[in-house]
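Reading through the structure tokens given below for one structure.
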Number of protein chains: 2
Amino acid sequence: MEDSAASKRSVTVADVAKAAKVSKATAARVLGGYGVVSDKIKDQVMAAAAALEYRPNELARSMSTGRSGIIGVVVGDIENAFFSLAVRGISDAARLAGYNVIIANSGEKLDAEKSAVDLLIGKRVDGLIVTPARCDGMDHLHHVRRAGVPLVLFDRSIPELGVDAVTGDDRDAAITATRYMVDRGHRHLAYISAMDDEDGGLIDTGRISNSAVRERVEGFVSVLKEAGLPNPLCSVRFGATDQQQTDAVVRRLLSEASPPTALLASDSLVGLRIFRSLQSLGLSIPSDVSMISFLDADWTSVTVPPITVIDQRVYDMGKLAGERLVARIERTPLAVERLRVGTSLVVRGSVAAPGR
Amino acid sequence: MEDSAASKRSVTVADVAKAAKVSKATAARVLGGYGVVSDKIKDQVMAAAAALEYRPNELARSMSTGRSGIIGVVVGDIENAFFSLAVRGISDAARLAGYNVIIANSGEKLDAEKSAVDLLIGKRVDGLIVTPARCDGMDHLHHVRRAGVPLVLFDRSIPELGVDAVTGDDRDAAITATRYMVDRGHRHLAYISAMDDEDGGLIDTGRISNSAVRERVEGFVSVLKEAGLPNPLCSVRFGATDQQQTDAVVRRLLSEASPPTALLASDSLVGLRIFRSLQSLGLSIPSDVSMISFLDADWTSVTVPPITVIDQRVYDMGKLAGERLVARIERTPLAVERLRVGTSLVVRGSVAAPGR
DNA sequence: CTGAAAGCGCTTACAG
DNA sequence: CTGAAAGCGCTTACAG
């Protein structure tokens, strides 16, 4: 017990060198696995290192080499299945390339995102993957570029930044899902997102600061327009940030003059909340209200009815982002581009013709 | 584009010092926020730092101070809701105390756990929280202690190690849940876990290497014994690692001479798989088979019927572990102990009297 | 209050 | 193949 109480100075190359009776440089060479050393001496050093339980100080190593071997990832909310799946994809790609990952949460707040980025830059990460909370406000990201740290955007793109982005095909996905519902006869639809409520309702889709949401909304709206349905912008609702807010959004929607008969949920958290709202209102799916949710989250397949979803292949998105960043770190010559990962509609049982 | 292509040398205290026309030491003092500096000079330095976009190199800082400000966390699987919730609790506690968190996955494999621990020690984390894959095989954890790095065990305890552990009250939780089912008349029960199958069936609960599972199984078995039910050990099944394996386990169980009428799932992933297995077998819950799952995962409340669960307060567990580790890092005098976070049974609709 | 020097534990030329 | 020295960017005594 007492032996661990005092945080003793850890054993260094110098200690190993002394024990092995060689110079620091020689010990460092075998311990660091670089340069050339005779087998005999190598064995000596290894034996000494093992005896002393030497563990390299990666901090010092990074200081000398200028590489930390760490990839920084800033996500919106690690508890969201979307992000934890993405992080696994990123981690897998990173590990394969010999990098480790350090994760920070922004809570989708610009301020938190800024400090997370600063922190990671401070730790001298070799590269950064970030899910920008807003596609305006990007000074901190410009700074990352100026600092020469490779950057890949995830899930959302900011063309003005001139960096790679890995996203879904959000517009197409929204179009497919919306059309699917329109084709089944729905004339009153609503799109529901957890984004902060733009006060005063949505005037202009171009002003939505999250590019993924913007493109989905644009896809949604375009289908409504092409079907000749009125006021498509009024069918887009924000603010479904928690169960209570979602209940309010859904209740307000359903008490309108022409209530929607079909709902499109912007992510699986919103989808789950909508499901609960409808359930608590005693409405049944799909006979009273149809719904489709983004993301093939686990809960969507075990409800009654199971939920029709847009499968986003988030793991692949994460993996691709990780691979892309590694390529950048290693200076592979590559044009800056936006990589889109395709989605597909998984038809289950939550959409029917508008009923009664 | 070209300006970011070359990863330019980053700006250092020396650069700022030169621009502010002061010594390195002085610049370092204001930039590092230590020592005393006149307001006038402080302003000069800050202005220069802002102009140059100085960002401290935390690596160098850590080298000098011997503190990294990082807490390392090794979890079984970050995609498991149990761990992502725990990580949020840990992160919150860490952030509050001014620490950052770096997460590594072990996939519940001892080897991966060992390298993750080595890696984190190499990065000179200030402390470590680990979910030991096995409660035997703990050389690497002994080494952590010998290196003087504070360590807190999460979810599972290893008394021989003499370090703090934060766990649930697994035995009591299992007892409560099992009793609940026995009290409703069940005489044939089974406990199902995703742990690797011990070849040859379970002989001795003491040999289960994961203490959380062991204690749950012991609780489960003790209730069966006290109810005078035969062969309690045979009612414990491992290997429900994925859907296919779980289907096999469930099918085997239900085809026995006296098939179980009530199932206890060791975690929410296993619970979900069991739910699907039963569903695909056309069995209904609870009229054909009753079930209870550990962890109040989101899917459990939206199924039909909603699932009766053991609510584990995982966020609190994580927070407590984080706080405890911080206290250790900061040398708060505290006895080594095992902290148990209480659980509660959330009764929903998945248990009924054994029917038919 | 400010500065010059040493040191943290590595790696990287540069000699021998 | 091996060693002595300088340097990475900070902080920390030690002087002045």
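By convention in this document, chain letters (A, B, ...) are assigned in the order of the sequence lines, proteins followed by strands, and residues within each chain are numbered from 1.
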Pairing of DNA chain C as dot-bracket, 5' to 3': ( ) intra-strand, [ ] crossing, | other strand, . unpaired, with Watson-Crick or G-U pairs under 3.5 Å?
|||.||||||||.|||
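Taking a cutoff of 4.0 Å between a charged side-chain nitrogen and a carboxylate oxygen, B:Glu337 and B:Arg324 qualify as a salt bridge. Note on A:Lys18 versus A:Asp15: no salt bridge recorded, every NZ/NE/NH1/NH2 to OD/OE distance being 4.0 Å or above. Taking the charged nitrogens against the carboxylate oxygens, A:Arg124 and B:Glu58 have no contact shorter than 4.0 Å, which rules out a salt bridge. A salt bridge does not link B:Lys319 with B:Asp92: every distance from a Lys NZ or Arg NE/NH1/NH2 to an Asp or Glu carboxylate oxygen is 4.0 Å or more.
Using a 4.0 Å heavy-atom distance criterion, B:Val36 is classed as a base contact.
Between the CG atom of A:Asp111 and the NE2 atom of A:His140 there is a distance of 9.5 Å, given to the nearest 0.5 Å. Here A:Asn210 contributes atom CG and A:Arg134 contributes atom CZ; the two are 9.5 Å apart, rounded to the nearest 0.5 Å.
Checking C:dT2, C:dG3, D:dT2 against every side-chain atom of B:Ser38, the shortest atom distance belongs to C:dT2.
At a cut-off of 3.5 Å, with distance as the only test, a side-chain donor of B:Arg338 or B:Thr167 sits close to an acceptor on the other residue. No side-chain donor from either of A:Thr131 and A:Arg156 sits under 3.5 Å from a side-chain acceptor of the other.
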Within the 4.0 Å limit for protein heavy atoms, which parts of nucleotides 6-16 of chain C are touched? Write it as a string from 5' to 3', B for base, S for sugar-phosphate only, - for none.
-BBBBBBB---
